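Notes follow the structure.
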Amino acid sequence: MAAKMTFPELLFMHRLIRSSTIIQRQPTNLDKLVKLNKCRWEIRTLSVSSVKRDENEGSETPLCTKMTFSEARLSKRRPLSPLKRISCLLPPEALTPEVMELREQNQDPNNQLPVIHAAPEDCGQTAVPEGDDSEKQLPSDGSEETHAFEKTVASPTLPGERLLVFGELVVAEYYKKGEVEFRKMFQLCTGERLQSTWGAIKHDDMAGHPAGRFLKTSKGVPILIRRASLEEYVLCMTRNAAITLPKDACALLMMSDIAEGDCVLESGSGSGSMCLFLSRAVGCKGSVVSVEIRKDHHKRAVSNYQRWRSSWKLRRGEEWPDNVRFHNADLCTAPYILAGQGFHAVILDMLNPHLALPVVLPLLHQGAVCTVYIVNISQVIELLEAVRCLELPFLCERVIEVPIREWLVTPAFHKDGTYIIRKDPTLNAVLAEEGALGDSDKEEISSEKKMAYGSIPYIARPSYEQRTHSAFLVKLRKCIQ
């Protein structure tokens with residue numbers, strides 16, 4: 001028999017039964033929450049399976065790749081353009097060629113989003129270091145461009161330039177306060193040393209290195225080692241007679257209008273300085289005939305010429321033009337050595353050049369120039385007087401000399417070797433003189449002046465050693481009267 005229950009009792013029993021039912025259903029709701037979280041994680045890390053084919057074995061190995069949630073969403077997003085949406089619904093036969101090209105470009109795999117590769121541990125594969133994949137990073141065939149780039153980077157010298165080797169002519173220089181205190185030209189030899197007041201340097205330490213670098217002597221003094229130019233070789237080579245200075249040689253070449261392929265006659269080889277300049281001017285296609293009356297001068301000229309050619313071959317790896325023929329004879333009494341030849345220019349460096357003018361006149365081309373190198377002005381007068389008395393078809397165009405005034409331009413130094421700082425009439429300088437600034441303030445001011453542009457005064461004056469007069473250059477042109 002059912003007992004009668006009041007309304008409060010019934011309400012209590014209802015709530016008790018409802019709470020027990022919720023407790024029984026709670027594990028099922030937890031399982032649903034776990035499954036929902038897993039689905040969300042799978043959506044965010046959408047996995048895409050791809051296939052990597054081994055070219056050597058022909059097998060296929062799966063490669064696990066993953067895309068982020070945003071990338072996966074962008075890849076599935078519909079196009080925003082309404083025309084593009086409608087074109088996707090139309091059949092391919094109804095599309096124009098332009099639309100087909102645009103659709104193919106959009107489907108190009110190169111335009112797809114980048115794929116982020118997963119770690120090898122996620123796919124169950126062994127990790128391969130990137131450094132070992134050399135076949136993908138470098139071409140296996142070894143292209144010429146790669147080798148050329150490696151040579152350019154590894155080469156310590158410029159293209160066409162070589163390292164110093166034994167047998168070359170080099171110049172050693174020591175600079176002090178902007179002036180050359182020591183200069184010497186020598187030939188690199190095995191086992192020898194460069195001796196100087198500032199210490200010694202072994203020749204073995206110079207060979208195998210690029211030119212134009214400083215080497216320290218046994219006393220720690222830096223000496224510049226570089227190759228000798230033709231000008232320096234002419235000035236420093238062994239000589240028996242006075243040479244034609246480079247400044248005069250350049251003027252002679254310009255006055256005579258000597259070009260590549262010309263045939264030039266020189267009377268008075270001397271020590272061979274002018275022969276070298278003429279040899280370079282006429283090149284491989286031209287020729288130079290040099291006549292010297294004295295035997296010792298003739299031998300010295302040939303020796304200096306061959307020495308420069310051998311050094312040039314070691315320096316550049318190619319032959320200097322062998323286009324000079326030396327003759328030990330008197331031009332005035334032995335014209336047979338020049339019989340049947342014609343010359344584009346004639347250069348006379350003789351004691352009595354007016355005696356050789358009748359000999360070289362028939363050998364000179366019409367309108368060509370005969371340039372005379374004369375030391376004294378009295379010889380110039382004798383030459384022009386001989387042209388007038390003999391009525392030679394020569395026109396004297398110019399009589400010049402080539403002076404060069406060298407200047408010394410260098411920063412001003414103290415006796416201890418430090419720079420002299422320019423003093424400006426500023427407020428800081430006035431306060432420093434009055435003693436209002438401390439030592440720290442003075443150091444800051446001096447450091448700022450050292451770094452400032454134009455704060456160091458320069459010395460600019462003519463050099464003590466001047467090469468003023470060396471010779472007169474007379475230009476005679478052959479013409480028809």
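Computed from a predicted structure; not experimentally measured. As a basis for the values below, the full set of heavy atoms in this structure was taken, side chains included, without hydrogen atoms, waters or symmetry mates.
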Fill in the blank from the handout: On a heavy-atom basis, the closest approach of Pro353 and Ile374 is CG-CD1, 4.2 Å
Handout entry: Arg300 side chain reached by Asp296 side chain, heavy atoms, under 4.5 Å
Key = no
Handout entry: Heavy-atom side-chain proximity of Cys370 to Leu348 below 4.5 angstrom
Key = yes
Hey, is the main chain of [Y] close enough, under 3.5 Å, to the side chain of [X] for a donor-acceptor pair?
| X | Y | result |
| --- | --- | --- |
| Asn323 | Gly283 | yes |
| His344 | Cys263 | yes |
| Thr244 | Ala249 | no |
| Ser273 | Val234 | no |
| Asp262 | Val264 | no |
| Gln379 | Asn376 | yes |
| His469 | Val375 | yes |
| Lys475 | Ser256 | no |
| Ser279 | Cys275 | no |
| Ser269 | Gly272 | no |

Rounded to the nearest 0.5 Å, how far does [atom2] of [Y] lie from [atom1] of [X]?
| X | Y | atom1 | atom2 | answer |
| --- | --- | --- | --- | --- |
| Phe326 | Ser303 | CZ | OG | 10.0 Å |
| Ile258 | Met254 | CD1 | CE | 10.5 Å |
| Ile223 | Leu215 | CD1 | CG | 9.0 Å |
| Lys216 | Asp205 | NZ | CG | 14.0 Å |
| Ile201 | Lys219 | CD1 | NZ | 12.5 Å |
| Leu476 | Arg398 | CG | CZ | 13.0 Å |

Problem - From CA spacing to verdict: side chain to side chain contact (heavy atoms under 4.5 Å, CB included), Val346, Leu363 - result: CA-CA 9 Å; Val346 175; Leu363 305 175; over 6 Å; no
Pair [X], [Y]: side-chain N/O donor-acceptor within cut-off below 3.5 Å:
| X | Y | result |
| --- | --- | --- |
| Asp416 | Thr418 | yes |
| Tyr175 | Glu173 | yes |
| Ser470 | Asp248 | yes |
| Glu266 | Ser290 | yes |
| Ser271 | Asn240 | no |

Practice task
Take Val324 and Val289 through the test side chain to side chain contact (heavy atoms under 4.5 Å, CB included) and record every step on the way to the result.
Solution key: CA-CA 6 Å; Val324 181; Val289 179; over 6 Å; no
Practice task
Kindly determine whether Val474 and Cys396 satisfy side chain to side chain contact (heavy atoms under 4.5 Å, CB included), including the steps that lead there.
Solution key: CA-CA 7 Å; Val474 183; Cys396 180; 4.2 Å; yes
Exercise for the section: Could you list the residues that satisfy salt bridge (Lys or Arg N to Asp or Glu O under 4.0 Å) with Arg193, not counting sequence neighbours? Expected result: none
Charged N-O contact under 4.0 Å between [X] and [Y]:
| X | Y | value |
| --- | --- | --- |
| Glu232 | Arg226 | yes |
| Asp204 | Lys202 | no |
| Arg309 | Glu319 | yes |

Practice task
Under the ring-ring contact (aromatic ring centres under 6.0 Å, His included) rule, collect the residues that match up with Trp312, sequence neighbours excluded.
Solution key: Trp320
Practice task
Inspect the surroundings of NZ in Lys299 and state if more than 12 heavy atoms from other residues, nucleotides or ligands are less than 6.0 Å away.
Solution key: no
Exercise for the section: May I ask you to check whether over 12 heavy atoms, not counting those of Glu391, lie within 6.0 Å of atom CD? Expected result: no
Practice task
Would you please test Val399 and Leu473 for side chain to side chain contact (heavy atoms under 4.5 Å, CB included) and show each step?
Solution key: CA-CA 6 Å; Val399 179; Leu473 307 181; over 6 Å; no
Fill in the blank from the handout: Between Glu168 and the options Arg227, Arg315, Gln187, the side chain to side chain donor-acceptor pair (under 3.5 Å) test singles out Arg227
